Q: 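Supplied in structure tokens, the structure appears directly below.
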Amino acid sequence: MSAESPASGAPAAPTDFIRDLVAADVAAGRHARIITRFPPEPNGYLHIGHAKSICLNFGLAREHGGICHLRFDDTNPAKEDIEYVESISRDVQWLIAGWADHCLGLKPRGATPAPAPGSGTPDYHLAAAPAGAGEREAFFASDYFEALHAYAVELIRRGKAYVCDLTPEETDAYRGAPDQPGRDSPFRNRSVAENLDLFARMRAGEFPNGARSLRARIDMASPNVWLRDPLLYRIRHTAHHHAGNRWCIYPLYDFAHCLSDYIEGITHSICTLEFEVHRPLYDWILQSLDLPRPLPHQYEFAKLNISYLVFSKRRLLQLVEDNLVAGWDDPRMPTLSGARRRGIPAAAIRRLASLVGVTKYDSLTDLALFEHAIREELNPLALRRLAVLRPLKIVLTNLAPGEEIACTATNNPQDPAPTTRPLALTRELFIEAEDFAEVPPPKFFRLKPGGEVRLKYACIISCQEVIKDAAGQVTELRCTADLTTRSGQPNADRKVKGTLHWVSATHGVPAEVRLYDRLFTVPEPAASGDFRDHVNPRSLETVTAVVEPALAAAQPGDYLQFERLGYFVPDSKDSAPGRPVFNRTVSLKDAWTPKPPTRA
RNA sequence: UGCCCGAUGGUGUAAUGGUAGCACAAACGACUCUGACUCGUUUUGUCUAGGUUCGAGUCCUAGUCGGGCAGCCA
């Protein structure tokens, strides 16, 4: 059990009630090895909310020298697709890379649980394969269909399950209401032999969808509606993306999940709060089978909510389908693929997970905390570069055309031994338009008529003349450069209040830059009305920037900071060699409150 | 209103009957060739009412407020 050291790039993980509980189990020697699992249904893309669960489950495995199985909970062929199993696998591996990849539990490719002959029910078990022991793949609940079926038959034999002929509507009516007991199904007392026969015929495909179901025989009057003879199997004449067309009956979540956990030897089955009321059913199924190995236990925690973001699969899908975003991996999406493309390092997401903790309180995390985690991660990593998003031309009148003043720029001041790169100051250059104000607001530390600023890595300049076009728009500034204030020159230490970033007009190259802002204008888009009404119309602004020459060679995966602007990354899809397109990951923290009017 | 769960500064959390602490945010200040980073200071908190106890954020009772549960979804 090793707490994470700050040196490894993430803060020490604080403990939480689940970690405490697992630690107590370990201390009591209850498990040979901790085995957790991350069990997504392959029916959508993973998002930051899933990341919290991944970090918890893999974190637990990591802290106890255990493993975390990646398992696809694929029991509903109608909603699932192989596209999602691929994207989910990719995203999980990206999130845990360099952190918990050694804890990723996979099984031998194609393996299914082998029944160990026992005295009663055969004991189905499927363990993870060690890395390097041949080809491996994720676990799939659909690989357990045969085992699950055998367990269902066993439940029938024990009189704990029955085939019910009620229609879906009738089943619903018989269930009663939360404050009203249900009524027993007229088929509840069928003989074991009849149930066995009917269930076999269900499997054989003799009945149409919905005609019959297999139900647990528990208590139709239970105050917990999930104990009112819940369905275990339904008839679905549908092919399955992983199991093929062998089956026309499919197990439901409650039946498949606890047994999948058992089959894999999961010690701690951790899920979100809405499954709390399912826990008695989880335990009932496992206990009803008299299974020989130790039973897994379910624990619940609150899912992640972050202000200005939505996480529900339904809403994410709507954003994509309504073309409110450019796809699942649009950098504004809270999906892991979107975050990756946005330039958010996996470690920043892990850092966030550690910062928010794990509780049963239904919280709303401030987006600022996420942005903090991102900056914290990027600051020591990002190469500093100069880029001007909205160029304003400056002519240094005391420099000759073609004259070049050699400058040296630091690649990352956070680096204990920073490297540098050369930069050339030329007669014509660009500064950020918002860094000049003809009529400056109070405490404007930037350029104004007659004022002085330092050009980062170069020298102090002084604004002599403001050139405007017929419409009165400022088109050009004529300044003089004080070359004695360059680094190494006698006046290098002269202080001026502002330092600006700049790019040489002769050496700078144009580049598309995408400025992303929050996707929604309100903290809780889903709180009331249609969340789509709150989409921020200015969540994406595309500008043609002028960037320093070194940036022409930027590659996707390079973490960059455009000085004074924010963190940026080349877009992994739209960048071409020599013609990068940049995404703004997050802006720099801006403590200057009276923002200039040009600022959004 | 049947059952289940929860409530600690603006936000997220810690304190496991014994000094209410941390982080984010905010404000102010120092430093600064990034109004960044870093550093310092400050503001703000145990839902309510009873009870147990030498001592309660923590245990008990009642209440208030919030969330979840009635798919042949997961």
Side-chain angles (χ1 to χ4, degrees), chain A residues 11 14-17 20 39-41 43 73-76 78-80 164 166-168 171-172 175-182 209-215 222-228 230-236 250 252-254 256-257 271-280 300 302 306-307 313 355-373 375-376 379-380 384 386 409-410 413-414 443-446 453-460 485 487 492-501 523 561-566 587-593:
Chain A
T15 189
D16 55 65
F17 77 101
D20 289 349
E41 184 188 17
N43 68 347
D73 212 353
D74 55 349
T75 57
N76 186 357
K79 292 192 172 181
E80 299 156 6
C164 182
L166 254 25
T167 65
T171 307
D172 205 35
R175 190 162 26 235
D179 55 350
Q180 269 172 38
N209 290 350
R212 286 182 223 262
S213 62
L214 184 73
R215 300 178 68 179
S222 170
N224 181 344
V225 292
W226 288 101
L227 260 19
R228 321 245 263 227
L231 270 75
L232 269 19
Y233 269 88
R234 80 283 227 186
I235 299 173
R236 282 277 173 283
Y250 291 96
L252 278 114
Y253 166 83
D254 287 293
H257 203 91
C271 60
T272 47
L273 246 27
E274 66 268 29
F275 293 102
E276 220 163 9
V277 286
H278 295 240
R279 188 176 354 123
E300 310 87 13
I306 301 180
S307 56
K313 236 169 225 179
L355 287 170
V356 297
V358 180
T359 67
K360 298 182 80 159
Y361 177 68
D362 191 19
S363 62
L364 180 65
T365 294
D366 194 336
L367 178 62
L369 189 66
F370 188 21
E371 295 185 339
H372 165 78
R375 294 187 187 110
E376 200 66 3
N379 183 32
R384 309 298 129 118
L386 299 184
T410 305
Q414 304 292 315
K443 296 181 79 176
F444 186 75
F445 302 158
R446 306 179 185 187
V453 290
R454 178 176 284 279
L455 294 182
K456 180 89 176 174
Y457 305 123
C459 62
I460 291 173
T485 59
S487 162
D493 290 336
R494 217 183 102 203
K495 305 290 182 206
V496 285
K497 201 54 194 169
T499 301
L500 307 186
H501 59 280
Q561 184 198 96
F562 293 176
E563 296 211 43
R564 303 212 306 131
L565 295 172
S587 66
L588 253 28
K589 222 176 126 175
D590 189 358
W592 191 48
T593 24

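Quick caveat, the model's predicted, so the values are computed rather than measured. Below, read A as the first sequence line, B as the second, and so on, with proteins coming before strands; counting in each chain starts at 1.
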Q: Could you tell me how far apart A/Leu455 (CG) and B/U34 (C1') are, to the nearest whole angstrom?
A: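 Value for this atom pair: 13 Å.
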Q: Going by salt bridge (Lys or Arg N to Asp or Glu O under 4.0 Å), name the residues that satisfy it together with A/Glu376, two or more places apart in sequence or in a different chain.
A: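 Per chain and number, A/Glu376 pairs via salt bridge (Lys or Arg N to Asp or Glu O under 4.0 Å) with no residue.
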Q: Tell me every residue that passes side chain to side chain contact (heavy atoms under 4.5 Å, CB included) with A/Arg215, counting only those two or more places apart in sequence or in another chain.
A: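 With neighbours one apart ignored, the set is A/Tyr162, A/Cys164, A/Leu166, A/Thr171, A/Ser185, A/Ser213, A/Met220, A/Asp229, A/Leu231.
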Q: Once you apply a heavy-atom cut-off of 4.0 Å, does A/Pro39 come out as touching a base, just sugar-phosphate, or nothing?
A: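 Touches nothing.
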Q: Counting side-chain heavy atoms from C-beta on, which of B/U16, B/C73, B/U34 comes nearest to A/Lys79?
A: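 Nearest nucleotide to the side chain: B/C73.
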Q: Only pairs under 3.5 Å count here: list side-chain donor-acceptor contacts from residues 360-370 of chain A, not counting sequence neighbours, and write none if there are none.
A:
residue, atom, partner, partner atom, Å
A/Lys360, NZ, A/Glu276, OE2, 2.7
A/Asp366, OD1, A/Ala368, N, 3.0

Q: Counting the atoms with a prime plus P, OP1 and OP2 as sugar-phosphate, which does A/Lys313 contact under 4.0 Å by heavy atoms, base, sugar-phosphate, or nothing?
A: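 Answer is nothing: A/Lys313 stays at 4.0 Å or more from every strand.
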Q: Which part of the nucleic acid does A/Gln561 contact within heavy-atom distance under 4.0 Å: base, sugar-phosphate only, or nothing?
A: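 Counting heavy atoms under 4.0 Å across all strands, the contact made by A/Gln561 includes a base.
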Q: Look at A/Lys497 and B/G35 and indicate whether a side-chain polar atom (N or O) is within less than 4.0 Å of OP1 or OP2.
A: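 Answer is no, no contact under 4.0 Å.
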Q: Nearest whole Å is fine: how far is B/U13 P from A/Ile306 CD1?
A: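 Going from CD1 in A/Ile306 over to P in B/U13 covers 12 Å.
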Q: With 3.5 Å as the limit, what N/O pairs link the protein to nucleotides 59-68 of chain B?
A:
none

Q: Give the minimum heavy-atom separation between A/Ser487 and A/Ala492, together with the two atoms involved.
A: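 Residues A/Ser487 and A/Ala492, closest heavy atoms: CA-CB, 4.0 Å.
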Q: Based on the glycosidic angle (syn within 90° of 0, else anti), state the conformation of B/G71.
A: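 The base of B/G71 is oriented syn (glycosidic angle within 90° of 0).
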Q: Pick base, sugar-phosphate or nothing for A/Ala458, based on heavy-atom distances below 4.0 Å to the nucleic acid.
A: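 Base, at least one base heavy atom under 4.0 Å.
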Q: Tell me, for nucleotides 18-24 of chain B in 5' to 3' order, what letter each nucleotide earns: B for a base near a protein heavy atom under 4.0 Å, S for only sugar-phosphate near one, - for neither?
A: -----SS
Q: When we call it a touch if two heavy atoms are under 4.0 Å apart, what does A/His257 touch: a base, just sugar-phosphate, or nothing?
A: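 The answer is nothing, as A/His257 stays clear of every strand by at least 4.0 Å.
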Q: Considering residues at least two apart in sequence or located in another chain, which fulfil the ring-ring contact (aromatic ring centres under 6.0 Å, His included) criterion with A/His372?
A: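 Testing A/His372 for ring-ring contact (aromatic ring centres under 6.0 Å, His included), a comparison that skips the adjacent residues, returns none.
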Q: Hey, is the side chain of A/Arg234 poking within less than 4.0 Å of OP1 or OP2 on B/C73, counting only N and O atoms?
A: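 A/Arg234 to B/C73 OP1/OP2: side-chain N or O found under 4.0 Å.
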Q: Suppose we screen for side chain to side chain contact (heavy atoms under 4.5 Å, CB included). Which residues come up paired with A/Ala177, at least two apart in sequence or across chains?
A: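 With sequence neighbours excluded, A/Ala177 shows a side chain to side chain contact (heavy atoms under 4.5 Å, CB included) to A/Asp179, A/Gln180, given in chain and number order.
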Q: Which of the following nucleotides, B/C72, B/U32, B/C73, is nearest to the side chain of A/Glu41?
A: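 When the side chain of A/Glu41 is considered, B/C73 is the closest of B/C72, B/U32, B/C73.
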Q: By nearest heavy atom, map A/Thr359 and A/Trp226 onto RNA chain B; which one lands nearer the 5' end?
A: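 This one resolves to A/Thr359.
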Q: Mind listing the closest non-hydrogen atom pair of A/His257 and A/Asp73 along with its distance?
A: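 Closest approach of A/His257 to A/Asp73, heavy atoms only: ND1-OD2, 2.8 Å.
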Q: Under 3.5 Å for both pairing distances: what stems, at least three Watson-Crick or G-U pairs long, include RNA chain B?
A: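 Runs of three or more consecutive pairs: B:2-7 with B:64-69, B:10-13 with B:21-24, B:26-30 with B:38-42, B:47-51 with B:59-63.
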Q: Using heavy atoms to find the nearest nucleotide of RNA chain B for A/Val496 and A/Tyr253 separately, return the residue whose nucleotide is more 5′.
A: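 Closest to the 5' end, via its nearest nucleotide, is A/Val496.
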Q: Answer yes or no as to whether B/G35 has its base stacked against A/Trp592, where stacking requires a ring-centre separation under 5.5 angstrom and planes under 30 degrees apart.
A: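 The base of B/G35 is stacked with A/Trp592 (centres under 5.5 Å, planes under 30°).
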Q: Given atom CZ of A/Arg494 and atom P of B/U32, what is their separation to the nearest angstrom?
A: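 It works out to 16 Å between those atoms.
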Q: Compare side-chain N and O positions of A/Arg564 against OP1 and OP2 of B/G35 and report whether any pair is under 4.0 Å apart.
A: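 For A/Arg564, the contact criterion (side-chain N or O under 4.0 Å from OP1 or OP2 of B/G35) is met.
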Q: Please indicate yes or no: is the ring centre of A/Phe445 less than 5.5 Å from the centre of the six-membered base ring of B/G35, with the two planes inclined by under 30 degrees?
A: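 Yes.
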Q: Identify, with sequence neighbours excluded, every residue that meets salt bridge (Lys or Arg N to Asp or Glu O under 4.0 Å) alongside A/Arg175.
A: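 For A/Arg175 the salt bridge (Lys or Arg N to Asp or Glu O under 4.0 Å) partners, ignoring immediate neighbours, are A/Asp172.
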Q: Let me see the working for A/Arg375 and A/Gln561 under side-chain contact (heavy atoms from CB on, under 4.5 Å), right down to the final yes or no.
A: CA-CA 10 Å; A/Arg375 294 187 187 110; A/Gln561 184 198 96; over 6 Å; no
Q: Could you give the NE2-to-P distance, from A/His278 to B/G71, as a whole number of Å?
A: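 Rounded to the whole Å, the gap is 11 Å.
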Q: Please classify the nucleic acid contact of A/Leu214 as base, sugar-phosphate, or nothing, using heavy-atom distances under 4.0 Å.
A: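 No contact.
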Q: Nearest of B/A14, B/G6, B/C72 to any side-chain atom of A/Asp16?
A: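 Per side-chain heavy atoms of A/Asp16, the pick is B/A14.
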Q: Please list, chain by chain and in numerical order, all residues satisfying side-chain hydrogen bond (donor to acceptor under 3.5 Å, both in side chains) with A/Tyr457, sequence neighbours excluded.
A: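 side-chain hydrogen bond (donor to acceptor under 3.5 Å, both in side chains) list for A/Tyr457, sorted by chain: A/Glu563.
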Q: Does A/His501 have any ring-ring contact (aromatic ring centres under 6.0 Å, His included) partners at least two apart in sequence or in another chain, and if so, which?
A: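 A/His501 satisfies ring-ring contact (aromatic ring centres under 6.0 Å, His included) with no residue once adjacent residues are dropped.
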Q: Indicate whether OP1 or OP2 belonging to B/U13 is found under 4.0 Å from a side-chain N or O atom of A/Ser363.
A: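 Yes, because at least one side-chain N or O of A/Ser363 sits under 4.0 Å from OP1 or OP2 of B/U13.
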Q: Taking atom C1' of B/C72 as reference, at what distance in whole Å does atom CZ of A/Arg175 sit?
A: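 Answer to the nearest Å: 9 Å.
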Q: The criterion is salt bridge (Lys or Arg N to Asp or Glu O under 4.0 Å); which residues satisfy it with A/Arg212, sequence neighbours excluded?
A: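 Expected list: A/Asp165.
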Q: So if I take every side-chain heavy atom of A/Thr499 and compare against B/C72, B/G12, B/U34, which nucleotide ends up nearest?
A: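 The closest nucleotide is B/U34.
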Q: Looking at B/A74, I'd like to know if its phosphate oxygens (OP1 or OP2) sit under 4.0 Å from a side-chain N or O belonging to A/Thr75.
A: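 So the side-chain polar atoms of A/Thr75 do come within 4.0 Å of the phosphate oxygens OP1 or OP2 of B/A74, strictly under.
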Q: Of the nucleotides B/U13, B/G35, B/A74, which one has an atom closest to the side chain of A/Asp73?
A: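 That would be B/A74.
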Q: Stepwise, does the side-chain contact (heavy atoms from CB on, under 4.5 Å) test hold for A/Thr485 with A/Arg454?
A: CA-CA 9 Å; A/Thr485 59; A/Arg454 178 176 284 279; 4.0 Å; yes
